[in-house]
Undergrad: 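This is the structure I have questions about; it appears just below.
Residue numbers run from 1 in the order of the sequence given. The basis for the numbers below is simple: all heavy atoms, side chains too, and nothing from hydrogens, waters or symmetry mates.
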Amino acid sequence: MHRPHALTWVACFLYASVLIAGLAVASTAPVDPVRLCAFAGALLVAGALEIAEWRGPAARAVALVGLVVRAAVYAVITALDSSGNAKVLFVLLPLTAYFTVGHRVAYTLAGGGLLLAGALVLGRPALRHDPEALSDLLMFAIGIVFALAIAVIAEREETGRRRAETLLTELSDAHARLREYADQAVTLATVAERTRVARDIHDSVGHHLVVVAIQLEKSAAYRTVDTDTADRALAEGRRSARLALDEVRRAVGTLRADDTRFTLGCSLRALAARLDDPGFAVTLDLTGTEDAVGEPVRLALYLAAQEALTNARRHAGATAVAVRVDLTPTTGVLDIADNGTGFAPGTAEGQGLTGMRERLDLVGGEVRITSTSRGTRLLVTIPVVAR
């Protein structure tokens with residue numbers, strides 16, 4: 001474990017205190033100068049050991065040697081100290097050992113030091129009844145316990161700090177990953193929005209443009225035969241063109257301008273009326289109540305019907321289409337059958353059918369298409385989720 005730098009400051013403070021006490025005693029009583037110099041030199045050696053250990057942890061064997069040298073230096077300082085205060089330095093031995101060579105050595109030194117001090121005091125009758133000696137023994141025991149308590153607290157603080165640093169690093173990494181995921185989500189959302197806009201353009205604008213083409217052809221065909229019918233077809237073509245323009249604006253703005261409640265029956269009847277003419281008859285049968293299903297289901301059924309009717313009118317060459325809608329509290333069903341030429345199984349689906357399947361997937365629906373040379377049938381089933 002890394003030795004706390006605060007321990008060095010504590011040790012240096014004790015060294016300075018012992019040196020000042022020794023010099024104070026030397027100033028009041030005659031002291032051998034050589035002994036005083038040796039005393040000060042030993043304290044400087046102890047300080048040098050502290051500075052050496054400040055620089056970083058050493059190998060266990062080196063730390064053990066340093067601990068033995070430190071104990072020897074403390075013994076020399078205690079022997080040369082005329083004030084008797086140097087004994088407090090031995091409290092630093094288990095505290096230093098705790099961080100340099102391990103807990104077991106520290107506890108062993110603490111226990112051994114207490115037993116040795118107790119034996120030296122209590123084993124001698126002259127000291128056994130000496131209040132000062134007993135006080136020193138008690139203070140030494142308190143100092144040992146206090147030093148080990150400080151070591152444990154410092155270790156827990158260091159462990160907590162490292163754990164906090166680890167958590168901070170993990171949080172930083174998680175934050176970076178979340179940023180990456182957010183960027184990916186933005187990209188996916190952009191792709192999804194583009195797909196939605198493309199699907200809306202095909203389902204709405206494409207349908208209206210087909211209606212415009214049909215009405216213009218109808219107007220041209222009836223121009224010399226029935227001017228009233230030709231005028232109505234031309235007016236319907238203009239209306240579809242305006243609707244297409246509105247859909248383009250809505251798709252570009254990616255917002256629906258119509259906040260009113262979508263009504264499936266009215267929308268299907270309007271759709272059938274726009275497409276119905278002598279060459280293309282549309283019949284509509286709607287059963288059930290619209291309140292039984294949510295608006296997403298109704299909208300998906302309408303767009304599926306719009307796509308199927310547009311394909312029947314434009315590609316299948318059908319002259320009659322039967323549309324049946326059944327709305328129940330459990331399912332929404334759309335059944336469309338035409339008498340067109342159909343298409344061969346395995347034929348690649350266009351954007352319209354692909355978009356239809358995507359829309360139905362969003363509401364949990366499915367579509368089944370059967371086609372022969374006598375016509376095509378499209379069956380859409382959407383389960384109604386309890387609201």
Undergrad: What closest approach, in Å, do Ala292 and Val384 show between heavy atoms, and which atom pair accounts for it?
TA: O-CG1, 3.6 Å
Undergrad: Closest approach of Gly342 and Thr376, non-hydrogen atoms and distance?
TA: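 So the two residues come closest at CA-OG1, 3.4 Å.
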Undergrad: Between Tyr107 and Phe90, is there a shared hydrophobic cluster once you connect ILVMFWY residues whose side-chain heavy atoms come closer than 4.5 Å?
TA: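 They do share one cluster, since a chain of ILVMFWY contacts under 4.5 Å joins Tyr107 to Phe90.
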Undergrad: Show the numbers, then the answer: is there a side chain to side chain contact (heavy atoms under 4.5 Å, CB included) between Val152 and Arg156?
TA: CA-CA 6 Å; Val152 172; Arg156 291 180 179 178; 3.8 Å; yes
Undergrad: Checking Ser373 side chain against Thr341 main chain: does a donor-acceptor pair fall under 3.5 Å?
TA: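 A pair under 3.5 Å: no.
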Undergrad: To the closest 0.5 Å, what do you measure between CG (Leu268) and CZ (Arg298)?
TA: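 Nearest 0.5 Å value for the CG-CZ distance: 11.5 Å.
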Undergrad: Do Val68 and Ile77 land in one hydrophobic cluster if side-chain heavy atoms of ILVMFWY residues count as linked below 4.5 Å?
TA: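 No, Val68 does not connect to Ile77 through the hydrophobic network.
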Undergrad: For Ala305 versus Ile336, what's the shortest heavy-atom pair and its separation?
TA: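 Smallest heavy-atom distance, with atoms named: CA-CD1, 3.6 Å.
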Undergrad: Which atom pairs, donor and acceptor, lie under 3.5 Å between side-chain atoms of residues 279-287 and protein residues at least two apart or in another chain?
TA:
{"residue": "Thr283", "atom": "OG1", "partner": "Val321", "partner atom": "O", "Å": "3.4"}
{"residue": "Thr287", "atom": "OG1", "partner": "Val325", "partner atom": "O", "Å": "3.3"}
{"residue": "Thr287", "atom": "OG1", "partner": "Asp326", "partner atom": "OD1", "Å": "2.9"}

Undergrad: Would you say Leu23 and Leu36 make side-chain contact, with heavy atoms under 4.5 Å?
TA: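 When only atoms from C-beta onward are counted, Leu36 and Leu23 do touch, with a gap below 4.5 Å.
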Undergrad: Over all heavy atoms of both residues, which pair between Gly340 and Ala318 is shortest? Give the atoms and the distance, please.
TA: N-CB, 3.7 Å
Undergrad: Would a 4.5 Å heavy-atom cut-off, applied to side chains only, mark Glu170 and Leu167 as touching?
TA: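 Yes. Closest side-chain heavy atoms under 4.5 Å.
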Undergrad: Counting only N and O atoms by type, is there a donor-acceptor contact under 3.5 Å from the side chain of Arg35 to the main-chain atoms of Leu80?
TA: yes
Undergrad: Are Val333 and Leu271 in one and the same hydrophobic cluster, where Ile, Leu, Val, Met, Phe, Trp and Tyr link if side-chain heavy atoms are under 4.5 Å apart?
TA: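 Not linked; separate clusters.
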Undergrad: Look up atom CG in Leu362 and atom CZ in Arg357, then write down how far apart they are to the nearest 0.5 Å.
TA: 14.0 Å
Undergrad: Rounded to the nearest 0.5 Å, what separation is found between the CG atom of Asp173 and the OG1 atom of Thr169?
TA: 6.5 Å
Undergrad: With sequence neighbours excluded, tell me which residues meet salt bridge (Lys or Arg N to Asp or Glu O under 4.0 Å) with Arg324.
TA: Asp335
Undergrad: Can you give me the closest heavy-atom contact between Leu49 and Arg70, atom names plus distance?
TA: CD1-CA, 4.0 Å
Undergrad: Report yes if some heavy atom in the side chain of Met356 is under 4.5 Å from a heavy atom in the side chain of Leu378; otherwise report no.
TA: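 The answer is yes, as the side chains (C-beta and beyond) meet within the 4.5 Å cut-off.
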Undergrad: So how far is it from Arg269 CZ to Leu264 CG, rounded to the nearest 0.5 Å?
TA: 9.0 Å
Undergrad: My understanding is that only residues two or more places apart in sequence, or in another chain, count here; which of them pass side chain to side chain contact (heavy atoms under 4.5 Å, CB included) with Ala230?
TA: Ser219, Tyr222
Undergrad: Leu334 and side chain to side chain contact (heavy atoms under 4.5 Å, CB included): which partner among Leu327, Val323, Leu379?
TA: Val323
Undergrad: Start with the C-alpha distance between Thr78 and Asp81, add both sets of side-chain angles, then the distance that settles side chain to side chain contact (heavy atoms under 4.5 Å, CB included), and finish with yes or no.
TA: CA-CA 5 Å; Thr78 303; Asp81 182 25; 5.7 Å; no
Undergrad: Kindly work out whether a path of hydrophobic side-chain contacts (I/L/V/M/F/W/Y, heavy atoms less than 4.5 Å apart) joins Val145 to Leu89.
TA: no
Undergrad: Membership question, hydrophobic clusters at under 4.5 Å side-chain separation (ILVMFWY): are Val88 and Val45 in the same one?
TA: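 As far as the 4.5 Å side-chain criterion goes, Val88 and Val45 are connected within one cluster.
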Undergrad: Main chain of Thr263, side chain of Glu290: is a donor-acceptor contact present, judged purely on distance under 3.5 Å?
TA: no
Undergrad: Could you please spell out the steps behind the side-chain hydrogen bond (donor to acceptor under 3.5 Å, both in side chains) verdict for Arg232 and Thr229?
TA: CA-CA 5 Å; Arg232 287 194 299 271; Thr229 301; 3.2 Å; yes
Undergrad: Where do Tyr15 and Leu43 come nearest, in terms of heavy atoms and distance?
TA: O-CD1, 4.0 Å
Undergrad: Using only heavy-atom distances, determine whether the side chains of Arg163 and Thr166 contain a donor-acceptor pair under 3.5 Å.
TA: no
Undergrad: Nearest 0.5 Å, what's the CG-CG distance between Leu19 and Leu44?
TA: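 It is 7.5 Å, given to the nearest 0.5 Å.
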